[in-house]
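We count residues from 1, following the sequence as given. Atoms considered below: every heavy atom in the structure, side chains included; atoms not considered: hydrogens, waters and symmetry mates. In listed order, ligands and their atoms are each counted from 1.
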Amino acid sequence: MKTIDQINFSGKKALIRVDFNVPLDENGNITDDNRITAALPTIKKIIKDGGAVILMSHMGRPKNGPNEKDSLKHVIKHLSDLLGVQVEFADDCIGEQATEKAQALKDGQVLLLENLRFYKEEEKGDADFAKKLAALGDVYVNDAFGTAHRAHASTAVIAQFFPDAKYFGYLMGAELSNAEKVLNNPERPFTAIMGGSKVSDKILLIERLLDKVDNLIIGGGMAYTFAKANGGNIGTSLVELEKLQLALDLVQKAKDKGVKLLLPLDNVIADDFNNNAKTDVAKTGEIPDNWMGLDIGPETVKLFSEVIENSKTILWNGPMGVFEMDTFMVGTKAVADAVVKATSAGAFSLIGGGDSAAAVSKFGLTADVSYVSTGGGALLEYMEGKELPGVKAINED
Ligand code: AMP
């Protein structure tokens with residue numbers, strides 16, 4: 001793997017693609033700085049070597065060019081505090097000001113460019129735009145795992161302008177090696193926990209995992225498609241009616257491959273999609289009409305926890321219920337606790353990004369699992385076996 005450990009940045013200007021797309025509150029304050037802290041080791045190594053750093057990122061999904069809400073200037077102060085260096089800012093990612101500021105940059109200094117997605121060319125993967133960005137630095141570093149599955153100008157296309165000077169940052173390196181470790185070198189038993197709303201989003205990953213895992217736990221909204229396919233009553237629970245046969249096929253495939261597939265035995269049900277709704281517990285397949293399953297039930301918690309606690313490798317992607325509402329977070333919290341317990345007993349636990357990472361963070365358990373990925377879609381695609389454009393661009397000659 002071509003990582004920044006293979007180069008000394010002394011006297012060089014490193015152009016780093018980071019993912020600083022952090023959530024902001026209505027006043028523009030950062031509400032979760034994980035993505036920024038995740039990029040610090042790479043930035044610090046370059047500064048320590050005696051190099052200068054130019055950071056480029058996207059923020060939000062701006063539709064029509066520049067706007068205040070999606071400006072990266074919201075991260076300047078916090079980033080400066082974290083680095084102990086006053087970060088310079090260019091209020092355009094290309095053009096005269098960016099060029100001048102990049103040229104004037106001295107070793108040890110850090111320049112942050114304005115939101116790349118203020119240009120449509122970024123997401124289109126425009127080569128001219130990528131070339132203008134490339135002119136700002138001597139070395140290209142990609143440390144934006146969260147967008148590595150996109151063939152954008154700054155994540156992939158730009159690499160062609162640095163044929164002998166393109167590297168993965170530490171975050172990319174860690175993400176890739178942890179995903180590899182779980183997929184190709186898992187200590188057994190290996191348990192995958194899949195949850196979230198839809199089975200259709202995760203079907204490719206589930207199919208691939210059936211060749212690798214010992215146990216496959218399925219919870220969350222997607223479990224009701226399986227319950228319905230088995231002929232059960234699911235009330236008004238989430239379901240993908242066009243995926244019933246697929247669910248049955250997956251059950252059969254698991255059997256054929258000797259994978260233990262665990263589905264919920266019981267469910268916390270509610271008479272409304274609401275934190276204050278009336279709740280009850282129902283066995284799987286026995287949910288009354290007009291009630292919906294919003295969490296796994298107590299028997300299921302016991303079953304899943306035992307399997308998880310006896311695992312040596314754990315991959316978790318997707319919550320067990322509507323964890324955003326406190327009434328329905330119990331199952332997800334119990335699974336998180338079981339993952340933590342297994343980890344403290346020596347298991348390797350990888351938490352997929354997105355909602356599972358948000359859940360673990362909500363429970364204050366991020367430091368108690370082995371690794372929380374910063375990539376939702378990117379990790380999913382990588383684990384499905386797809387070649388990520390951001391990874392390919394660095395690897396190819
Ligand atoms: P995903 O983005 O597919 O990983 O799904 C995550 C979302 O699934 C979260 O916002 C959860 O609230 C939601 N979810 C989990 N379990 C259920 C359920 N039983 N019914 C409805 N939504 C659910």
Of all the atoms in ligand 1, which lie at a distance below 4.0 Å from a heavy atom belonging to [X]?
{"X": "Y224", "result": "19 (N)"}
{"X": "L294", "result": "19 (N), 20 (N)"}
{"X": "G220", "result": "16 (N), 19 (N)"}

Protein contact of [atom] - nearest heavy atom, named by residue and atom, plus distance:
{"atom": "atom 7 (C) of ligand 1", "result": "D355 OD2, 3.9 Å"}
{"atom": "atom 15 (C) of ligand 1", "result": "G321 O, 3.2 Å"}
{"atom": "atom 4 (O) of ligand 1", "result": "K202 NZ, 3.0 Å"}
{"atom": "atom 12 (O) of ligand 1", "result": "E324 OE1, 2.7 Å"}
{"atom": "atom 17 (C) of ligand 1", "result": "G221 N, 3.4 Å"}
{"atom": "atom 19 (N) of ligand 1", "result": "G293 O, 3.0 Å"}
{"atom": "atom 22 (N) of ligand 1", "result": "V322 CG2, 3.6 Å"}

For this session: May I ask you to establish whether K312 and F190 are in a cation-pi arrangement, using a distance under 6.0 Å from NZ or CZ to the six-membered ring centre and at most 45° from the ring axis?
Result: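 Geometry flag: not set, cation outside 6.0 Å or 45°.
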Please indicate whether any nitrogen or oxygen in [X] is less than 3.5 Å from any nitrogen or oxygen in ligand 1.
{"X": "F273", "value": "no"}
{"X": "S197", "value": "yes"}
{"X": "D295", "value": "no"}

May I ask you to test the [X]-[Y] pair for a side-chain heavy-atom distance under 4.5 Å?
{"X": "F304", "Y": "L262", "answer": "yes"}
{"X": "M292", "Y": "Y224", "answer": "no"}
{"X": "I217", "Y": "W316", "answer": "no"}

Please say whether more than 12 non-hydrogen atoms of neighbouring residues, nucleotides or ligands are located less than 6.0 Å from [atom1] in [X].
{"X": "K2", "atom1": "NZ", "value": "yes"}
{"X": "K362", "atom1": "NZ", "value": "yes"}
{"X": "E396", "atom1": "CD", "value": "yes"}

Exercise. If you measure from each heavy atom of G354 to ligand 1, is any distance below 4.0 Å?
Worked result: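 Not so, G354 does not reach ligand 1.
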Problem set entry | E88, E68, E114 screened by salt bridge (charged side-chain N to carboxylate O under 4.0 Å, His left out) with K73, the one that passes |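 Testing K73 for a salt bridge (charged side-chain N to carboxylate O under 4.0 Å, His left out) against E88, E68, E114 leaves exactly one candidate, E68.
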Problem set entry | Sequence neighbours excluded, every pair satisfying ring pair (Phe, Tyr, Trp, His ring centres under 6.0 Å) that has a member inside residues 151-170 |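 Sorted result for residues 151-170: Y140-F162.
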